[in-house]
Amino acid sequence: MKTAITPTRAENFSEWYQNLIVAADLAENAPVRGCMTIKPYGWAIWELMRDEMDKRIKASGVQNANFPLLIPIEFFNKEAEHVAGFAKEAAVVTHYRLKMIDGKLQPDPESKLTEPYIIRPTSETIIGEAMSRWVQSYRDLPLKLNQWVNVMRWEMRPRMFLRTSEFNWQEGHNVFATHEEANEDARKMHKMYGDYMRDVLAISCVMGEKTPEERFAGADHTYTVEQIMQDGKALQAGTSHDLGQHFAKSFGIQYLGTDGKLTHAWTTSWGTSTRMMGGLIMTHSDDDGLVLPPAVAPHQVVIIPITRGDENISAMNEYIAKLEQELRNHNIRVLVDNSDMRSADKMWKWIKRGVPLRVEVGAREMDDGVVTMTRRDLGKSSRETVAIKDFSETVSHRLDSMQHDMLAAVQERNKKMIHDVANLDELDSALANGEIGFFRIKYTETQNERFDALMEKYKITRRCLDDKDPTFVFVAKSY
RNA sequence: CGGGGCGUAGCUCAGUCUGGUAGAGUACUUGCUUUGGGAGCAAGGUGUCGAAGGUUCGAAUCCUUUCGCCCCGACCA
């Protein structure tokens with residue numbers, strides 16, 4: 001059978017992924033190294049993801065703000081571990097003016113900045129500086145801020161959505177009076193991310209704390225949401241950090257307590273990015289293209305008129321317009337594809353773009369007062385005839401079921417992707433046999449040189465400790 | 001930054017070894033016939049051959065320099 005995307009997942013997973021992004025019209029490589037242009041359809045998905053996340057962030061008492069893109073180099077220098085973590089991938093702004101020299105436009109040597117700026121790879125430092133002024137009294141705490149911005153990390157090996165030099169994200173930064181509150185907050189946002197992935201993206205994740213080896217630069221504790229892709233590799237989709245007093249001390253974030261003493265505060269930071277879209281794609285899609293959970297589908301329903309040129313077009317338009325309006329009235333995102341294309345081409349177009357429900361309306365349907373409807377996740381076998389009197393109700397049901405079934409399918413697959421191993425012998429032989437997925441093993445089993453050798457040999461890493469029993473660690477290959 | 005590869009039509013690439021003045025497929029436009037899971041025929045437009053310099057009567061092709069990109073590592077949301 002012919003598939004819309006070649007190669008298939010089985011043939012070459014990463015090439016399938018790249019080609020799907022192009023076929024679904026989500027994004028393309030930009031003429032800037034390591035950067036991508038997110039196209040309107042891809043951005044529409046991101047906006048839905050973002051809006052839902054933003055709602056949840058605000059519901060947890062966080063306010064949005066916006067800090068500068070450029071960070072003075074000395075800010076960066078204040079937190080030693082942080083510098084070590086990001087110095088290797090910083091884009092630096094050194095001049096403020098261009099000049100035509102020898103017929104070529106280039107930075108004017110005269111305009112060299114005495115203090116260069118770094119394009120933010122993350123904003124702990126510049127937000128820390130502001131917090132040091134905004135936090136004076138225990139009454140100013142907790143202070144909870146978030147921003148939706150783009151950041152830049154000069155990545156060595158970019159891949160669309162998964163790792164681009166510039167990416168869009170939200171970064172939350174909270175300050176508390178006590179360590180207990182800060183740690184609780186980091187865990188709370190961690191849980192919020194897990195709930196979001198499950199309820200909105202229909203992805204169940206492996207949740208847990210990063211081991212010290214994998215922790216964020218400058219954090220005491222890092223909590224991560226790890227997704228399992230169809231090829232068994234891990235994707236870190238959201239992290240939440242308990243930063244202890246590292247940044248509070250580096251930036252002088254102090255408050256005067258009820259006891260009259262000046263005390264350093266405790267901070268957290270937490271983020272999710274457009275990488276989630278990569279996870280969404282690699283989790284749900286198939287060899288015919290994208291499959292979107294209804295919650296983040298720009299068009300939940302596409303209505304395709306089937307015309308042969310001999311039917312009454314205006315009657316059909318009227319028939320379809322009613323259906324369209326009915327769905328709109330029920331807040332269902334619907335698109336009528338009246339474009340001048342052959343109907344078979346339209347169908348493939350929307351299959352590739354992952355529209356949850358395709359509705360076909362032709363002369364046959366009009367005569368019978370019905371529509372033909374097909375679910376994207378189940379394909380042709382789910383094709384059904386729906387009477388128009390039950391239309392919006394059936395559509396709502398199918399969308400709900402699809403959202404639910406997609407999650408169930410991922411949960412089912414994840415079960416098969418997570419393997420318990422008792423020791424390094426078992427881990428070694430499982431990997432040698434080409435088993436893919438996550439391996440759950442006692443953390444103490446990994447504290448030795450033999451495990452280091454296995455990491456090297458199979459390109460695996462510790463993903464996180466198991467939230468349900470932190471003496472166990474999940475090990476996997478990752479993106 | 002190490003190891004490999006590639007820059008030629010919107011896209012994918014052939015042509016380079018052996019120098020002779022630009023090709024294919026696809027996409028696009030138009031027309032006719034088609035149309036319920038990717039249609040067929042016909043006609044049509046498309047290039048500073050990555051850039052600069054050199055050799056030559058003549059360079060996509062040979063030489064030198066340079067820029068950029070992709071893949072595999074090290075790094076990461």
Side-chain angles (χ1 to χ4, degrees), chain A residues 1-6 12 14-15 18-19 22-23 28-35 84-90 102-104 120-123 149-172 193 210 214-217 219 222-227 234-241 269-279 288-289 304-311 340-352 358-366 371-374 376 379-383 385 455-456 459 461 478-479:
Chain A
M1 186 155 34
K2 192 181 168 190
T3 58
I5 310 294
T6 49
N12 185 339
S14 56
E15 209 177 323
Q18 298 284 345
N19 290 344
V22 174
E28 62 181 26
N29 277 313
V32 180
R33 200 211 86 108
C35 295
F86 287 106
K88 287 170 297 203
E89 51 190 48
D102 300 333
K104 269 186 137 181
R120 63 183 163 215
T122 179
S123 306
V149 294
N150 52 348
V151 293
M152 177 156 270
R153 300 178 187 179
W154 210 258
E155 297 290 352
M156 289 295 122
R157 209 160 107 52
R159 286 167 192 254
M160 283 200 276
F161 291 111
L162 301 178
R163 193 183 307 99
T164 45
S165 296
E166 180 191 11
F167 59 93
N168 289 77
W169 75 344
Q170 59 72 210
E171 48 175 326
Y193 286 152
K210 284 281 182 195
E214 297 285 334
R215 222 177 257 156
F216 178 72
T222 290
Y223 304 99
T224 179
V225 176
E226 300 280 325
Q227 299 180 347
L235 185 74
Q236 182 174 322
T239 50
S240 173
H241 313 290
S269 71
W270 32 279
T272 52
S273 69
T274 39
R275 172 181 277 187
M276 280 194 293
M277 278 187 71
D288 282 331
I304 300 172
I306 307 287
T307 55
R308 293 170 171 179
D310 54 346
E311 56 280 279
D340 186 20
M341 289 200 289
R342 295 175 60 251
S343 34
D345 292 337
K346 290 188 197 178
M347 271 183 239
W348 279 106
K349 172 177 172 179
W350 297 114
I351 288 170
K352 285 186 284 194
R358 286 195 314 286
V359 170
E360 296 163 42
V361 177
R364 279 183 224 163
E365 283 82 0
M366 280 173 61
V371 300
T372 299
M373 187 157 80
T374 314
R376 174 62 182 89
K380 237 172 169 178
S381 65
S382 66
R383 179 183 279 177
T385 303
M455 287 207 295
E456 180 83 11
K459 310 289 174 208
T461 48
S478 79
Y479 276 99

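The sequence lines fix the lettering, A, B, ..., with proteins before strands; numbering per chain opens at 1.
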Base-pairing mate for B/rG10 - Watson-Crick or G-U, with both contacts under 3.5 Å: B/rU26

Which whole-number value in Å describes the distance from A/Phe86 CZ to B/rC76 C1'? 8 Å

Applying a 4.0 Å non-hydrogen cut-off, can you work out what A/Leu162 is touching in the nucleic acid: base, sugar-phosphate, or nothing? base

Take atom CD of A/Glu28 and atom C1' of B/rA27, then tell me their distance rounded to the nearest Å. 15 Å

Which nucleotide sits closest to the side chain of A/Glu89: B/rA77, B/rC75, B/rG36? B/rC75

In whole Å, what is the span from the CD atom of A/Glu226 to the C1' atom of B/rC76? 12 Å

Residue among A/Met366, A/Glu365, A/Met347, A/Arg364 satisfying side chain to side chain contact (heavy atoms under 4.5 Å, CB included) with A/Ile306: A/Met347

What is the pairing partner of B/rG45, taking Watson-Crick or G-U wobble pairs with both distances under 3.5 Å in any strand? none

Pick out the pairs of N or O atoms, protein on one side and nucleotides 37-43 of chain B on the other, that lie under 3.5 Å.
from: B/rG37; atom 1: O2'; to: A/Lys380; atom 2: NZ; distance (Å): 3.4
from: B/rG37; atom 1: O6; to: A/Arg358; atom 2: NH2; distance (Å): 3.1
from: B/rG37; atom 1: O6; to: A/Lys380; atom 2: N; distance (Å): 3.2
from: B/rG37; atom 1: N2; to: A/Asp288; atom 2: OD2; distance (Å): 3.1
from: B/rG38; atom 1: O4'; to: A/Trp348; atom 2: NE1; distance (Å): 2.9
from: B/rG38; atom 1: N7; to: A/Lys2; atom 2: NZ; distance (Å): 3.1
from: B/rG38; atom 1: O6; to: A/Ala4; atom 2: O; distance (Å): 3.3
from: B/rG38; atom 1: N1; to: A/Lys352; atom 2: NZ; distance (Å): 3.3
from: B/rG38; atom 1: N2; to: A/Lys352; atom 2: NZ; distance (Å): 3.2
from: B/rA39; atom 1: OP1; to: A/Arg342; atom 2: NH1; distance (Å): 2.4
from: B/rA39; atom 1: OP2; to: A/Arg342; atom 2: NH1; distance (Å): 3.1
from: B/rA39; atom 1: OP2; to: A/Arg342; atom 2: NH2; distance (Å): 2.7
from: B/rA39; atom 1: N7; to: A/Arg342; atom 2: NE; distance (Å): 3.0

Can you tell me, in whole Å, how much space there is between the P of B/rG10 and that of B/rA27? 16 Å

Would you kindly give the CD1-to-P distance between A/Ile306 and B/rU35, to the nearest whole Å? 12 Å

Who is the Watson-Crick or G-U wobble partner of B/rG2, with both distances under 3.5 Å? B/rC72

Pairwise C1' distance for B/rC13 and B/rU55, with rounding to whole Å: 30 Å

Pick the C1' atom in B/rU12 and in B/rU64, then give their distance to the nearest Å. 31 Å

Going by purine N1 to pyrimidine N3 plus the second Watson-Crick contact, or the G-U wobble pair, all under 3.5 Å, which nucleotide sits opposite B/rG20? B/rC57

Using a 4.0 Å heavy-atom cut-off to protein, can you give one letter per nucleotide of nucleotides 66-74 of chain B, 5' to 3': B if the base is in contact, S if only the sugar-phosphate is, - if neither? ---S--SSB

Describe the nucleic acid contact of A/Thr461 in one word from base, sugar-phosphate, nothing, applying a heavy-atom distance below 4.0 Å. nothing

Using purine N1 to pyrimidine N3 plus N6-O4 or O6-N4 for Watson-Crick, or N1-O2 and O6-N3 for G-U wobble, each under 3.5 Å, what pairs with B/rG38? none

Once you round it to whole Å, what is the distance between C1' of B/rA77 and NZ of A/Lys210? 10 Å

Can you find a donor-acceptor N/O pair under 3.5 angstrom joining the side chain of A/Arg163 to the base of B/rC76? yes

Partners passing salt bridge (charged side-chain N to carboxylate O under 4.0 Å, His left out) against A/Glu226 (at least two apart in sequence or in another chain): A/Lys210, A/Arg463

Partners meeting ring-ring contact (aromatic ring centres under 6.0 Å, His included) with A/Trp348 (sequence neighbours left out): none

The criterion is side chain to side chain contact (heavy atoms under 4.5 Å, CB included); which residues satisfy it with A/Lys346, sequence neighbours excluded? A/Ile304, A/Pro305, A/Asp337, A/Ser339, A/Met341

In whole Å, I'd like the distance from the CG atom of A/Asp340 to the P atom of B/rU30. 9 Å

Residues passing the ring-ring contact (aromatic ring centres under 6.0 Å, His included) test with A/Phe161, sequence neighbours excluded, are none

Separation between the P atoms of B/rA24 and B/rC69, rounded to whole Å: 31 Å

In whole angstrom, give me the gap between the P atoms of B/rU8 and B/rC75. 33 Å

Could you check whether any side-chain heavy atom of A/Arg159 comes within less than 4.5 Å of a side-chain heavy atom of A/Ser14, counting everything from C-beta outward? yes

In whole Å, I'd like the distance from the CZ atom of A/Arg275 to the P atom of B/rC76. 11 Å

Sugar-phosphate only, base, or nothing, as touched by A/Gly271 at under 4.0 Å among non-hydrogen atoms: nothing

Roughly how far apart, to the nearest Å, are B/rG44 and B/rC62 at atom P? 34 Å

Between B/rG54 and B/rG47 - P atom distance, rounded Å: 27 Å

P gap between B/rG19 and B/rU61, integer Å: 12 Å

Partners passing ring-ring contact (aromatic ring centres under 6.0 Å, His included) against A/Trp154 (at least two apart in sequence or in another chain): none

Would you sort out whether A/Gln236 and A/Ser478 count as a side chain to side chain donor-acceptor pair (under 3.5 Å), showing the intermediate values? CA-CA 8 Å; A/Gln236 182 174 322; A/Ser478 79; over 6 Å; no

Rounded distance (Å) that lies between atom P of B/rC1 and atom CH2 of A/Trp154: 13 Å

If we only count heavy atoms from C-beta on, is the A/Tyr223 to A/Tyr193 side-chain gap below 4.5 Å? no

Enter the distance from A/Met160:CE to A/Met277:CE here, rounded to the nearest 0.5 Å. 11.0 Å

Sequence neighbours left out, what passes side chain to side chain contact (heavy atoms under 4.5 Å, CB included) with A/Asp345? Give chain and number order. A/Arg342

Heavy-atom nearest nucleotide on RNA chain B for A/Gln236 versus A/Thr372: which residue maps closer to 5'? A/Thr372

Base, sugar-phosphate or nothing for A/Gln227? Non-hydrogen atoms, less than 4.0 Å. nothing

A/Arg120: partners by side-chain hydrogen bond (donor to acceptor under 3.5 Å, both in side chains), with sequence neighbours left out: A/Asn150

